[in-house]
Amino acid sequence: QAQLVESGGGLVQPGGSLRLSCVASGFSSDYYEIGWFREAPGKEREGISCITSDEGSTNYADSVKGRFRISKDNAKKTVYLQMNNLKPEDTGVYYCVADRHPCLSWDPIGRHLEIWGQGTLVTVGS
């Protein structure tokens, strides 16, 4: 069974850092594009970042560009999201997503994507 499991969320003060992990199992993740979406209270879900399956090219939403970095370790079937200089508006549930279509063509709110994790909560505040 195809599965994505996120971890690494938690409570952090503004300006702090967290690293989220997403472990894939039950499918050939090397052939999938992997990305992160977040859902904040009262806001529409938004795509944050993605990494391509072939060259590992990366893409970021303007809201996180320069602060977040996505990377992957194919041997561990794991994708990471390093989040630095966190702001209160980064608070939300972060979902790892996998799909075989190019991630630059993904729907902005993640409709029709193939595999979703259960989400991990990130809270930025004091």
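Starting from 1, each residue takes its place in the sequence as its number. The figures that follow rest on heavy atoms only: side chains count, while hydrogens, waters and symmetry mates do not. Note that the structure is predicted; figures quoted are calculated from it, not measured.
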>> By the ring-ring contact (aromatic ring centres under 6.0 Å, His included) test, which pairs, at least two apart or in different chains, include something from residues 41-83?
In response: none
Residues forming a side-chain hydrogen bond (donor to acceptor under 3.5 Å, both in side chains) with [X], sequence neighbours excluded:
X	value
D90	R38, R67
S17	N84
T52	D54

> Taking ILVMFWY side chains as joined if any heavy atoms are under 4.5 angstrom apart, and letting links pass through other members, which residues group with Y95?
Replying inline: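 Listed partners: F37, V93, V97, W106, L113, W116, L121.
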Results of side-chain contact (heavy atoms from CB on, under 4.5 Å) for [X] - residues two or more places apart only:
X	result
S28	Y31
P102	E33, S105
N74	D30, K72
R100	Y32, E114

> What residue pairs, at least two apart or across chains, pass disulfide bond (SG atoms under 2.5 Å apart) with a residue in residues 31-70?
Replying inline: C50-C103
> Who pairs with D73 by salt bridge (Lys or Arg N to Asp or Glu O under 4.0 Å), at least two apart in sequence or on another chain?
Replying inline: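 None.
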Donor-acceptor contacts under 3.5 Å from residues 1-12 side chains, at least two apart:
unit_1	atom_1	unit_2	atom_2	d
E6	OE1	Q118	N	3.0
E6	OE1	Q118	NE2	3.4
E6	OE1	G119	N	2.9
E6	OE2	C96	N	2.7
E6	OE2	G119	N	3.2

Does any non-hydrogen side-chain atom of [Y] lie less than 4.5 Å from one of [X]?
X	Y	answer
V122	L20	yes
S57	I51	no
E39	Y94	no

